[in-house]
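We use all heavy atoms of the structure for the numbers below, so side chains are in, but hydrogens, waters and symmetry mates are not. Below, chain A is the first sequence line, B the second, and so on; all start at residue 1.
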There are 2 protein chains.
Amino acid sequence: MTINRNSKIPYYQQLYEILRSEIEQGGWQPGDLLPPESELISTYQLSRNTVREVMDMLVNEGFIYRERGRGTFVAQPKMEQALVRIINFTQDMQQRGLSPSSRILESSLLTAPADIAEALQVPESAELGLLKRLRLGNQKPMSVEEAYFIHARCPGFLERHDYTRTSLREALEQDYGLRWLRAKQIIRAITAPKDIAPLLQVTSHAPLLMIERVTYAEDDRPAEFLRAYYRGDRYSLYNELNG
Amino acid sequence: MTINRNSKIPYYQQLYEILRSEIEQGGWQPGDLLPPESELISTYQLSRNTVREVMDMLVNEGFIYRERGRGTFVAQPKMEQALVRIINFTQDMQQRGLSPSSRILESSLLTAPADIAEALQVPESAELGLLKRLRLGNQKPMSVEEAYFIHARCPGFLERHDYTRTSLREALEQDYGLRWLRAKQIIRAITAPKDIAPLLQVTSHAPLLMIERVTYAEDDRPAEFLRAYYRGDRYSLYNELNG
DNA sequence: TAGTGGTCTAGACCACAAA
DNA sequence: TTGTGGTCTAGACCACTAA
């Protein structure tokens, strides 16, 4: 991998993709020492500022950390990822040390309910795809997840894959070129709705964490609405704050 | 305000403090156009890289945003602050457009319970200060907040102020020089404990958001343990994620 | 066209860790 | 002492916005 000098993509973004995929694909493991800045400079023929700009991004996102005089290291994946980056259930469970699995509860087309239509910025007559799954960690019910998609943007996606195994995100990116750029989410505490409680094997008084998320694609238009119900006794969120 | 060339504090940190306090103290209002980089460069006699480094920090933290060709502007305070920065109840309520108030439920000294001792990294015999407050938004119960402090680090703080009005954080900073640098928190959904439910005027089945937070001072040692119970029907958390 | 922010370079000196 | 990251400078050219 080298820097493409003719591309319109800035060098720092290219280098970012290179280093991040090296980390995410496992070329470098947590705790590993990264090449020093001087080596990255000569390898990729970039100035120190440009290299450091990329490292700053990776540090801010928690992928790497620096120790003055010693070097730069790959960081341990953090639990807080769930509140910083768009990650899927599989990644989330793995970070928590649980073995993920899924069961499909429903896979259908429907016309958009009012609240979801608004979140997705489509008319209420719009056709949506719905994928409803039970998510398990170590074989025990962890959450119920309802994912709504604008059908016009990804026709036929429901039939294409076995979503017990395939990540929706991967499928959408591969088949339709839909890349998720950012998302907004709301986190609430609720008591288990009547239809959700038995799926999670809890009583209808049980407390749940409900997360509603709107994901935006690269064109900054909403692409997905996700509503997830997590068992309060099995799932919590962790994050770090700055002064 | 100018840059102190003899200080050991890096220029970029000095400029950061200057600009951030200008924004936070209200010298610049949301939507205001900031001076262009060229002006900051000549005003503070710094290079463009140093000025931009500071602006990058403020952009990352959501204080300002840039528009190419137009300028740099002060951002609207975001709701998501509650999941990014350490803010107090008063700021949180104001961001939500609610009028904050408080009632003190308990103010006492105690020996550290096991779980809190561990979080604060003190022995179980350590003496802690406890400040327990009912927090209201628009006069309605919003949360119950229990703040535990290591008494040895701030002796007598309970008697010094009227914590119905004074922020604990301000008091600790002014009286003991304790500045909060960062915090870690866990967010859970629970049903209202028997002793909390009546305070929040909910039944004991009601769902609550429980947030437990350990705050670290500048020396990176734990300074405070906070446990807050929020009414699930009145309080939710919002944040944004990146791809 | 003038002014803004976006990207990039090629240096410099410093503080800290490890050998 | 050597090599690392931390801070800082003084330039350059580009893309976009508004006049």
Gln13(B) atom CD is separated from dG6(D) atom C1', nearest whole Å, by 11 Å
Regarding dT7(D), can its base be found pairing with the side chain of Arg48(A) as donor and acceptor, where the two atoms are less than 3.5 Å apart? yes
Rounded distance (Å) that lies between atom C1' of dT7(C) and atom CD of Glu37(B): 11 Å
Distance below 4.0 Å between Thr50(A) side-chain N/O and dT9(C) OP1 or OP2: yes
Could you grab the distance from atom OH of Tyr11(B) to atom OG of Ser47(B), nearest 0.5 Å is fine? 10.5 Å
What's the CD1-C1' distance between Ile9(A) and dG6(C), to the nearest Å? 15 Å
Side chains of Tyr235(A) and Asp92(A): do they bring a donor and an acceptor to under 3.5 Å? yes
Name the nucleic acid region contacted by Glu53(A), choosing base, sugar-phosphate or nothing; use a 4.0 angstrom heavy-atom cut-off, strictly under. nothing
Does Arg70(A) place a side-chain N or O at less than 4.0 Å from the phosphate oxygens OP1/OP2 of dG3(D)? no
Judged by nearest nucleotide, the residue sitting upstream toward the 5' end of DNA chain D, Tyr11(B) or Thr72(A), is Thr72(A)
Atom CG of Leu34(A) and atom P of dG5(D): how far apart are they, to the nearest Å? 9 Å
Nearest-neighbour nucleotide for the Asn49(A) side chain, dT9(D), dG5(C), dT7(D) considered: dT9(D)
Tell me whether the OP1 or OP2 atom of dG11(C) has a side-chain N or O from Ser47(A) closer than 4.0 Å. no
Whether Tyr12(B) contacts dT7(D) is assessed here as follows: a side-chain N or O lying under 4.0 Å from the phosphate OP1 or OP2. Is that the case? yes
Return the value, rounded to whole Å, for the distance between atom NZ of Lys8(A) and atom C1' of dG6(C). 16 Å
Centre of Tyr238(A)'s six-membered ring, under 6.0 Å away, within 45 degrees of the axis: is that where NZ or CZ of Arg96(A) sits? no
Under 4.0 Å from OP1 or OP2 of dG3(C): is there any side-chain N or O of Ser38(B) that close? no
Between C1' of dT7(D) and CZ of Arg68(A), the distance in whole Å: 9 Å
Using atom OH of Tyr16(B) as one end and atom P of dT7(D) as the other, report the distance to the nearest whole Å. 14 Å
Heavy-atom nearest nucleotide on DNA chain C taken for Glu67(A) and for Met55(B); more 5' hit belongs to Met55(B)
For the pair Glu212(A) and Arg188(A), evaluate salt bridge (charged side-chain N to carboxylate O under 4.0 Å, His left out) and give the outcome as yes or no after the intermediate values. CA-CA 9 Å; Glu212(A) 291 184 324; Arg188(A) 290 195 178 84; 3.4 Å; yes
What is the separation between atom CG on Leu15(B) and atom P on dT9(D), rounded to the nearest whole Å? 11 Å
Given dT9(D), is OP1 or OP2 found less than 4.0 Å from the side-chain N or O atoms of Arg5(B)? yes
Report yes if a side-chain nitrogen or oxygen of Arg52(A) is closer than 4.0 Å to either non-bridging phosphate oxygen (OP1 or OP2) of dG6(D); otherwise report no. yes
May I ask you to check whether over 12 heavy atoms, not counting those of Glu22(B), lie within 6.0 Å of atom CD? yes
